[in-house]
Each structure stands twice: as C-alpha cells, then as structure tokens.
Q: 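Before we start, here is the structure in question, set down as structure tokens.
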Amino acid sequence: MDVGKILEPIKKFFREDAGEIIGAYFDGDKIFISHLTEKFETIEVEADGSEIERLAEKISQICVQKGWKTSSVGFCLRQEEAVTFQTEISNVPEKEIPALVKSWAMAQAGAEAIFSFAKIGEELWMETLPQSTAKEFSDTFKKFGLNLRGLSVMPAEPLTKIHPYERTEFITEIIREKKSPNLLATRGDGFNWQKISQAVAAIFFIALIVGSVKLFLEYREVSDKLDAAKISVENLNEDIALKKILDGNISELHRINKLAAQVAKPENFNRLLNLGKIADKNIRLTKIVAEENFLEIEGATDESETLKNYLGDVKNFVANSARLESSAEHDGEIFFVIRAALK
C-alpha cells in the first residue's frame with residue numbers, strides 16, 4: 001500500500017489554500033506588492049512609515065481594495081533586517097549542515113534564534129533572526145488580517161542591483177514551492193487548524209452514526225506503515241504533523257465508541273449534532289469531552305465577544321445548562337472551557 005497516496009487527499013483537505021499568494025517588500029520609501037495566482041500582478045505604493053505595524057496596515061489596505069485573499073502572505077526583508085552569511089562548504093558533509101547553521105545562528109541571534117539556509121552549488125546561504133522579531137512580524141501581520149507564511153532575505157548578490165519586484169516574486173515562490181530559506185518554516189506547518197477543529201466535531205458525529213471499527217482498522221494499517229516507511233526528509237515534517245492529528249482524533253474516537261450506546265437517546269444525539277452546526281470560524285475547538293451526564297468543550301478565540309456569542313449558541317442549540325467553566329488569556333488568545341450538565 002502506498003502510504004503517500006493514502007495521506008495526500010487528507011493533507012490537501014487540511015492544508016491552507018496557497019493558490020493565491022501575496023508577496024511584499026519595503027525598500028525604505030515604497031512598499032512593493034505582488035499578487036500571484038496563475039500570473040503576477042504587481043503594485044507599488046508610498047509607505048506611511050517604516051514601522052512594521054504601518055507597513056502591515058498598508059499592505060492590508062491594498063489587499064482589501066484589490067479584493068486579494070490574505071491567507072498566504074510573504075514578506076521579504078532587507079538585508080540589514082536580518083543576519084546573513086554566505087560561505088563555501090565543499091568540505092562539510094551534507095548531514096552536518098543543519099547543526100553548523102544552528103550553531104552559527106545561535107552565536108549571532110542568541111539561544112532563541114530562528115534560522116534557515118539554502119545550499120546553492122558549493123555555497124551555503126544562511127540567515128537568522130531572534131525568535132521574538134519573527135513573532136513580532138507574524139503577530140502584527142495577523143492583527144491586520146494577514147497570515148504571514150513566508151519571511152526571508154533574498155539570497156542573491158549583489159542585492160543592491162535587484163529590482164524590488166524580484167524580491168516580492170522570490171518570497172511568493174518560497175510559499176508556493178515551500179522552498180528555503182524561509183525563516184517561518186519552523187513556526188507553522190501549513191495546516192488549516194480551523195478545518196481541523198471543525199473536523200473533530202464531524203468525526204465525532206460520524207463515529208456515532210456509522211460506527212468506527214472499520215476506521216480504526218484502516219488507521220492502524222496506515223499508521224503502522226507510516227512508522228515503517230522510509231519517507232523523504234522533504235515530506236517527513238508534514239507527515240508527522242498529520243499523524244499527530246490523526247493520533248489525537250483516533251484516541252477520541254476510541255473513547256466515543258464506548259460511549260455511543262449512552263448517547264443513543266434522540267435528544268442527546270441532537271445536542272451533539274447541533275454542536276457541529278454552530279461551528280464558528282473564529283472559535284478553535286481543541287477538545288470535546290462527552291460523558292453520560294455532561295458535555296465539556298475546550299477551545300480558544302481571539303475576542304471575548306466571540307466567546308460570549310459562542311456560549312450563547314451552545315446554550316440555545318446544544319444544552320441550556322451550558323456555562324463558562326473557566327477562561328484565561330495567553331499570548332493574545334482566550335482559552336476557555338464550557339461545561340453543560342446533560343439530563
């Protein structure tokens with residue numbers, strides 16, 4: 001059985017849509033923006049300032065005006081905004097390059113450095129940033145509805161002779177082809193966690209309706225083969241990420257299968273079904289615990305008003321005894337637990 005062929009449709013469903021990509025570059029005066037679908041569309045605008053927040057806001061405004069999707073955005077840094085280094089490595093074994101780059105990056109940007117590299121012939125191009133700087137870019141872009149998926153410095157020499165649009169096209173190609181270097185490569189795996197969050201609820205209901213024995217057997221076969229297969233380094237990270245998702249869901253399904261008989265009552269089944277119907281794009285469910293006498297929902301959101309509205313929906317459509325058990329804010333997100341007693 002070809003494990004790759006089995007997993008590919010699942011990965012495509014859960015992966016973010018990168019069919020429309022935005023690339024941007026700020027040269028100190030103007031912002032150059034490229035929009036990539038089947039072809040490039042480019043625009044340049046005067047910047048209102050050099051702060052990250054002002055740049056992100058301006059890019060967002062242009063995307064809104066043009067009707068461009070912002071689920072896959074890349075930003076090409078100027079050379080002085082990151083530490084870069086190019087050297088010959090003809091005598092360095094391939095397997096030792098990552099360790100070499102990591103040591104170099106930590107020496108340049110500290111223990112929390114993030115880094116990436118590209119081998120071009122016998123030359124090695126390296127770039128690094130403090131993790132806090134990359135997080136500042138990512139969080140600021142997110143504030144204006146931009147999902148930053150690529151952050152890099154264009155590895156070419158001399159950089160001063162390259163047209164700004166070549167930089168924007170470079171960063172869009174990184175996102176589309178998953179090329180290196182990309183400083184954000186280790187910060188995200190390209191999966192759409194909103195889809196996964198909603199899919200957890202969908203799998204929950206399907207398990208109750210059709211049973212899960214066949215799914216368990218197929219999963220075990222795929223899982224065993226995935227463990228044993230010799231997967232290329234290029235695909236290893238995303239396959240492991242997907243397997244973790246499946247492991248989490250399958251563990252929940254095993255528990256749900258034992259509880260299916262307890263949820264046979266029409267009113268209880270309808271409650272669970274309605275939980276899936278009220279899925280909110282701004283709510284990320286992380287856990288559903290269903291017992292005979294209670295239902296517990298864990299999740300996260302960016303806004304307290306969204307949580308308030310979601311709690312109201314749970315009360316109105318799932319269980320009127322639902323209450324907010326706890327909520328806590330961490331790194332700009334509100335993590336919550338909703339609990340309801342079931343009769």
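What you are looking at is a predicted structure, and each value in this text was computed from that prediction instead of being measured. When a residue number appears, it is its place in the shown sequence, counting from 1. Side-chain atoms are counted along with the backbone in the values below, which use heavy atoms only and exclude waters and symmetry mates.
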Q: When the ring planes of Y310 and F336 are compared, do they come out parallel, tilted or perpendicular, using 30° and 60° as the limits?
A: tilted

Q: Under a 4.0 Å N-O cut-off, is there an ion pair linking R78 with E80?
A: yes

Q: Taking a hydrophobic cluster as the set of Ile, Leu, Val, Met, Phe, Trp and Tyr residues connected by side-chain heavy atoms closer than 4.5 Å, whether directly or through intermediates, do L100 and F85 fall within one such cluster?
A: yes

Q: For K119, is there an ion pair with E94 - N to carboxylate O distance below 4.0 angstrom?
A: yes

Q: Classify the ring geometry between F75 and F137 as parallel (under 30°), tilted (30 to 60°) or perpendicular (over 60°).
A: tilted

Q: Taking only Lys NZ, Arg NE, NH1 and NH2, and the carboxylate oxygens of Asp or Glu, determine whether R284 and E333 approach each other closer than 4.0 Å.
A: yes

Q: Any idea how Y165 and F32 line up, ring-wise: parallel (<30°), tilted (30 to 60°), or perpendicular (>60°)?
A: perpendicular

Q: Can you give me the closest heavy-atom contact between E112 and Q131, atom names plus distance?
A: O-CB, 2.9 Å

Q: Starting from V153, can I reach L129 by hopping between I/L/V/M/F/W/Y residues whose side chains sit under 4.5 Å apart?
A: yes

Q: Output yes when K143 and E57 qualify as a salt bridge under the 4.0 Å nitrogen-oxygen rule, no when they do not.
A: no

Q: Strictly below 4.0 Å, N to O, side chains only: are R323 and E325 in salt-bridge contact?
A: yes

Q: Please give me the minimum heavy-atom distance between S152 and E127, naming the atom from each residue.
A: OG-OE2, 2.8 Å

Q: Measuring from atom OG1 of T133 to atom CD1 of I52, what distance do you get when rounded to the nearest 0.5 angstrom?
A: 7.5 Å

Q: Please examine the side chains of F117 and P181, heavy atoms only from C-beta on, and report whether any two atoms are closer than 4.5 Å.
A: no

